[in-house]
Each structure stands twice: as structure tokens, then as C-alpha cells.
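For reference, the structure is listed below as C-alpha cells.
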Amino acid sequence: MGIFKFNRAAGRHLNDEAAIEAIKHAGHPVPKAPRENIIKRAFKQYGLSQLSMAHVVVHDNTITIKGHAETAAQRDHMILAAGNIAGIDTVNSEITVPPGTPAPNFHQVEAGETLADIAEKVDANVTADDLRKANKPVLENEGGIYPGQTIRIPEA
């Protein structure tokens, strides 16, 4: 559980059918936050089970997610899927996880950074491939990272 900050100008820009219109990099004009039903469709596109999310509410630029995740990765992917939507700047996570599950570890991508650069900064035992695997399906579908995007840092 916690509150996580994101770059509101950066992220997937969703249209009314929840199709990804474009990736907005940091520095673009900030769009209005999408409605809950659009966000739920976007979660489904990324293969995130809506069954584990009991509640998704958007208020202004904040998304509150309530639910349960069996793993840290599942919880982190729900948080990132919500936060990396253009127009959203805060995710209030009320996602329960089993006892002993590590806290989320995120990194906001800076202009010019690569996965290899990020791996060097965060831990000697984390590689660019580890980062790519830890952030599937988002990186797999979009083909890369972009400035302002928040990604998951796996445990070494």
C-alpha cells in the first residue's frame, strides 16, 4: 500500500475506446485524466486481471486502486499501468499482498537514459534484460522506454 507519484505529461494517451493513441514524453502538454472505464480497458489490454482489482476510481489526476495481488510483480504492474497514463500524476495503491512481499521499487526515466544506464545506476546485479523482463508486457508492446515513464526495478 502507498502513494506513488508519476509524470503527468508522460505516458500512454488513451482515446475513448482505450486504444493507445500515442506515447506522450515528458514535456508534452498535459492531457485531462481518462475516465475509469477507459483505464479498466487499458488494464485488460496489458493482460492485468481485473478480477484482482476490486475498485478503480479516478479523482482529478489521482487513481485509487483497491484489490489483491499474489506477487510484488503483479502489484507493481497494476500501479505502473495506472500511473503511466498521460494525465495521471498519483496512484493511491490499496493493493494487499502476502506478508513479506517487498515494497515497490520504481525509477522514472530521464531523457537520454537507456535500460543499460538504469541497470548500472540501480544495482550491480540487475541487467538491462532483467529490467525488460520485469516490465513486461509494457516494454514488450511499446518497444522501449521514454522520458518521464516510470519502470519497475526488480530485486537483484
Side-chain angles (χ1 to χ4, degrees), residues 1-20 23-24 26 30-110 115 118-119 121-123 125-127 129-142 144-156:
M1 293 205 223
I3 295 175
F4 303 93
K5 292 294 191 180
F6 289 82
N7 186 324
R8 198 169 104 193
R12 297 180 313 280
H13 186 222
L14 306 176
N15 66 24
D16 285 340
E17 288 78 44
I20 298 171
I23 299 298
K24 301 284 187 183
V30 178
K32 188 171 90 171
R35 298 181 317 272
E36 286 103 357
N37 64 330
I38 303 298
I39 291 169
K40 288 178 183 178
R41 282 190 236 148
F43 285 164
K44 191 172 183 177
Q45 284 181 351
Y46 283 101
L48 297 172
S49 171
Q50 291 184 22
L51 298 176
S52 61
M53 288 183 285
H55 191 67
V56 175
V57 173
V58 177
H59 185 274
D60 292 328
N61 302 313
T62 299
I63 296 180
T64 299
I65 303 172
K66 295 181 182 181
H68 179 76
E70 292 297 324
T71 66
Q74 188 181 47
R75 175 210 48 220
D76 295 354
H77 288 150
M78 284 189 259
I79 294 167
L80 291 173
N84 282 319
I85 294 173
I88 299 298
D89 65 11
T90 305
V91 175
N92 179 15
S93 169
E94 297 179 19
I95 301 169
T96 60
V97 291
T101 302
N105 186 8
F106 298 139
H107 174 82
Q108 192 170 96
V109 178
E110 296 175 18
L115 289 177
I118 296 167
K121 287 180 186 178
V122 298
D123 192 312
N125 295 321
V126 173
T127 66
D129 194 47
D130 293 335
L131 291 171
R132 189 172 287 104
K133 288 176 186 173
N135 287 281
K136 280 186 178 181
V138 175
L139 294 185
E140 182 177 69
N141 291 342
E142 294 171 4
I145 58 175
Y146 54 87
Q149 179 183 26
T150 299
I151 63 171
R152 178 175 188 261
I153 306 299
E155 288 188 58

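In this structure, Asn135 CG and Lys133 NZ are separated by 13.0 Å, a value rounded to the nearest 0.5 Å. Expressed to the nearest 0.5 Å, how far NE2 of His68 lies from CD1 of Ile95 amounts to 10.5 Å. Here the CG-CD1 distance, from Asp130 to Ile118, works out to 13.0 Å after rounding to the nearest 0.5 Å. Atom CZ of Phe6 sits about 5.0 Å away from atom OG1 of Thr150, to the nearest 0.5 Å. Atom CZ of Phe4 sits about 10.0 Å away from atom CD1 of Ile65, to the nearest 0.5 Å. Summarising the geometry, atom CD1 belonging to Ile145 is positioned 9.0 Å from atom CZ belonging to Arg132; distances are rounded to the nearest 0.5 Å.
Across Ala119 and Thr127, no two heavy atoms sit closer than the pair CB-C, 3.7 Å. The shortest heavy-atom contact between Gly148 and Asn7 is O-CB, 3.6 Å. Considering every non-hydrogen atom in both Ala81 and Arg12, the closest pair reads O-NH2, 2.6 Å. The shortest non-hydrogen separation linking Gln149 to Ala10 is N-CB, 4.3 Å.
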Trace of the side chain to side chain contact (heavy atoms under 4.5 Å, CB included) decision for Ile151 with Leu115 = CA-CA 10 Å; Ile151 63 171; Leu115 289 177; 4.0 Å; yes

Go through the steps for Val56 and Ile63 under the test side chain to side chain contact (heavy atoms under 4.5 Å, CB included), then give the verdict.
-> CA-CA 7 Å; Val56 175; Ile63 296 180; 4.1 Å; yes

Working for side chain to side chain contact (heavy atoms under 4.5 Å, CB included), residues Leu131 and Ile153 | CA-CA 6 Å; Leu131 291 171; Ile153 306 299; 3.7 Å; yes

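Thr62 meets the side-chain hydrogen bond (donor to acceptor under 3.5 Å, both in side chains) test with no other residue; sequence neighbours excluded.
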